[in-house]
Amino acid sequence: MSLAMHVPILAIAVPLLGAFALPLMAKVHHRLRDLWALVVGAFTVAMIVTLAVQVFTVGVQVYTLGADTPDATLGPQGFPIRITLVADAMGAFMALISALLGGAALIYALGFLEESKGKTLSMSLFLLLWAGMLGLKLTGDMFNFFVFLELTSVAACGLIGYRAWESRPPEAAFKTLVMFILGGLMVLLAVAILYGEYGALNMAFLSAQIGGSLLDRVALGLLLGGLLMKAGAVPMHMWAPDAYGEADANTAIVLVANTQAGLYALFRVVFTLYGGAATPEVGYLVTTLGALTVLVAVLMAVVQTNLGRLVAYGAISQIGYMLLAAGVGLVTLGVGPEFGRVALQGGVFHMFNDAACIGLLFLCVGAVRRAAGSGDLRSLGGLAHTEKWTSGFFLLGALALAGIPPLNGFASKLMIYQSVFQLSPILTALAVLASILLLAVFVRAFQGAFLGPRQSMSGAPLSPAMLAGMAVLAVVVIAFGLVPDLVVRHLVAPAAEALWTGRDVYLAAVLGG
Amino acid sequence: MIGNLPFVVCMILVALGLWTLMTRRNLIKLAIGIVLIENGVNLFLVSLGYVRGGVAPIYTYAPQGVPVNVPMAMPTPQALTLTSIVIGVATTALLLAFAVLIHRQRGTLDAGRIRELRG
Amino acid sequence: MNLLTGEGFWSPLVWLALAVGVALLAWWLRSKGRQDYKRGTEQATPFLSGEPMPEGVHVGGQHLYWGFVEALRPVVDRLRAFHSGVVTDYVTWLVVMLAVVFLVVMLS
């Protein structure tokens, strides 16, 4: 019984334990608390990387809770009644994204949060959210899927609204929480329907049973509705700008990871759970919603005057690209033309790239708010005179997000454009148009906030930890832009393959045979 | 047909909850709507677990002797419902806490007037 | 070293090499130009229709695409009204989308 066998559960249990122990550490001394948070964060990242190495070199990792050996997924009667954690290439890929964003957010938060303004509680909730996200990405069981979904909802809304002395955060948190609870309840209703129909909660077992019966379809509809909302597809995205715009910068990037976890859950449902019964109509629906999301979010970003909300709409538009790519993959799933595979790879690759660029932009927004004391584009200006690093990082993130070569956003957007083009040239034209508008939006934001003559500002200087958090993401943006082929071959292609053809591998790993 | 009555009641509860959320403007009433939906789903889970003539899933309670195939209710739905109730309490508490904060700051609970974040 | 993208391929290192080449060419062309530019003289100040240049003016971000946004005004106004900020509207849209999803799932 080595520690390496228990990596999947440790990746969830360590941040969970860390979250609840953190306030106790803070009672002793605030330096001990920071040290504890760093140790927990480093350990979690190490566990995720170990797990990813195992998954990408060996294959699907299955971990059964409460069994004599971790691989005994089936009970004594050959019925999968135990709770399982399953990490396939897609799950491990998503866990790597949350490791990147969680790590950067943790480093940034140490310098960004203020002692007198609830630093302990915010960091505790952050670790809780991190644990919930990882659980959502690694669970192989429908009910724990719901439990982790609700865990992320509660922790996320707590983080959005914890600045209770201001007027906007509680409002954003209330609206977001209403939507999250509704989405979670839809998922629970679907889980109950599937349980009532098949008497099991194990995803692999359910996937093997699901055909196209009426109840299956009702459950699929509920799951799609709840998870599309969680991912922020137009017109169910309205909570997202409120939440992203009002949250602290370190919270906002974890919320981006959380939104992507919702998207991952959607992929898991349509490709793995309903993979055998998938219909192209659902693919067309997802594609349409993706195109709508890209356009509406970008148009809204054009007219924003608050820097946080502007970047938030940018983040929503990127979710649209992923939905577009996944929809094309879903339309062609089972038929198997090559462009469906490329589209899926592009979408999956874009998730990592979007996490890095949008994360970088949100951290820069936080730095601007700290340095200038406000995020209002109407009063900002001239920050580049004093904040050279922040302006550089903002420009880097903005160019990467708009898809300017040779940064990382270009590579994945190119894959999406070329593959979507073969389904419908109009969709590609819309996507390219939205990308151009996005560049215009960020040029405007950069010009408004950073250029111009020096202004007197009411803010405080940035701490080295904040710059370190931004630097982590900036390095990823540049590195992934320079060697996209290596990243795609070793990380993205296996992850996309896990969705595209990996359903049988997933089922075999859990159910045996 | 009468066996489906609990499911009909569940769906009525969920529909009432959604109706409340769409038509009422008071934040507390919105919380009530959410709780209605929650209870509808919980009731659905519990009624799924009912087995006619079944015994409680406790090993020592299992009837001794000849009839081995006495139906036993699966304990899973009850466990799920308990978990879901606990989660529901947490989310409702958080929701009401935010409603209280909003009321303290603005002196209103009207959702139509709490729209500083828009556009 | 090439990333296959379905139709073609993408190789950032080749692109960077080309970009450096183009930059060198541009620098060479520029160095062929006139040499009578002097820093710090009147040549360096912007020309504003003969008006004296005002000090410390900054065109804020919200003015940058004034004409563009003005042309899109009908669409943008409708979109802003759509993001009403009332939480019951959010729920209504969720229910509407749920109905659409159900329609698609049931008919497929």
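So that the names make sense, note that chain A is the first sequence line, chain B the second, and so on, each numbered from 1.
For C:Tyr90, the parts lying under 4.5 angstrom from a heavy atom of chain A are both the backbone and the side chain. For C:Phe82, the parts lying under 4.5 angstrom from a heavy atom of chain A are both the backbone and the side chain. Heavy atoms closer than 4.5 Å to chain A are found in both the backbone and the side chain of C:Trp93. Contact of C:Val96 with chain A is not made at all, since no heavy-atom distance falls under 4.5 Å. Proximity to chain A is limited to the side chain of C:Leu98, based on heavy atoms less than 4.5 angstrom apart. Contact of C:Leu72 with chain A is made through the side chain alone, with heavy-atom distances under 4.5 Å.
Among A:Gly212, A:Ala440, A:Ala411, the residue with the largest count of heavy-atom pairs under 4.5 Å with chain C is A:Ala440. Among the candidates A:Pro405, A:Gly225, A:Ser419, A:Ala343, the residue making the largest number of heavy-atom pairs closer than 4.5 Å to chain C is A:Pro405. Ranked by non-hydrogen atom pairs under 4.5 Å with chain C, the options A:Phe174, A:Trp239, A:Phe339, A:Phe410 are led by A:Phe410. Interface remark: of the candidates C:Val69, C:Val91, C:Leu107, C:Val95, C:Val91 forms the most heavy-atom pairs closer than 4.5 Å to chain A. Interface remark: of the candidates C:Val87, C:Leu16, C:Val86, C:Val87 forms the most heavy-atom pairs closer than 4.5 Å to chain A.
Judged by distance alone, the side chains of A:Ser213 and A:Asp216 do bring a donor and an acceptor atom under 3.5 Å apart.
Within a 6.0 Å sphere centred on CZ of A:Phe442, heavy atoms belonging to other residues, nucleotides or ligands number more than 12. Heavy-atom neighbours of C:Arg30 CZ from other residues, nucleotides or ligands within 6.0 Å: at or below the threshold of 12.
Of the possible donor and acceptor atoms, none in the side chain of A:Lys175 sits under 3.5 Å from a partner among the backbone N and O of A:Asp242.
Note: A:Phe394 and A:Phe446 have parallel aromatic rings, judged against thresholds of 30 and 60 degrees for the angle between ring planes.
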For A:Val270 and A:Val286, run side-chain contact (heavy atoms from CB on, under 4.5 Å): C-alpha distance rounded to whole Å, both residues' side-chain angles, the deciding distance at 0.1 Å, then the answer. CA-CA 10 Å; A:Val270 292; A:Val286 173; 5.8 Å; no
Check against side-chain contact (heavy atoms from CB on, under 4.5 Å), A:Val296 and C:His83: CA-CA 11 Å; A:Val296 170; C:His83 293 81; 4.2 Å; yes
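Salt bridge present: C:Arg73 and C:Glu70 bring a charged side-chain N and a carboxylate O closer than 4.0 Å.
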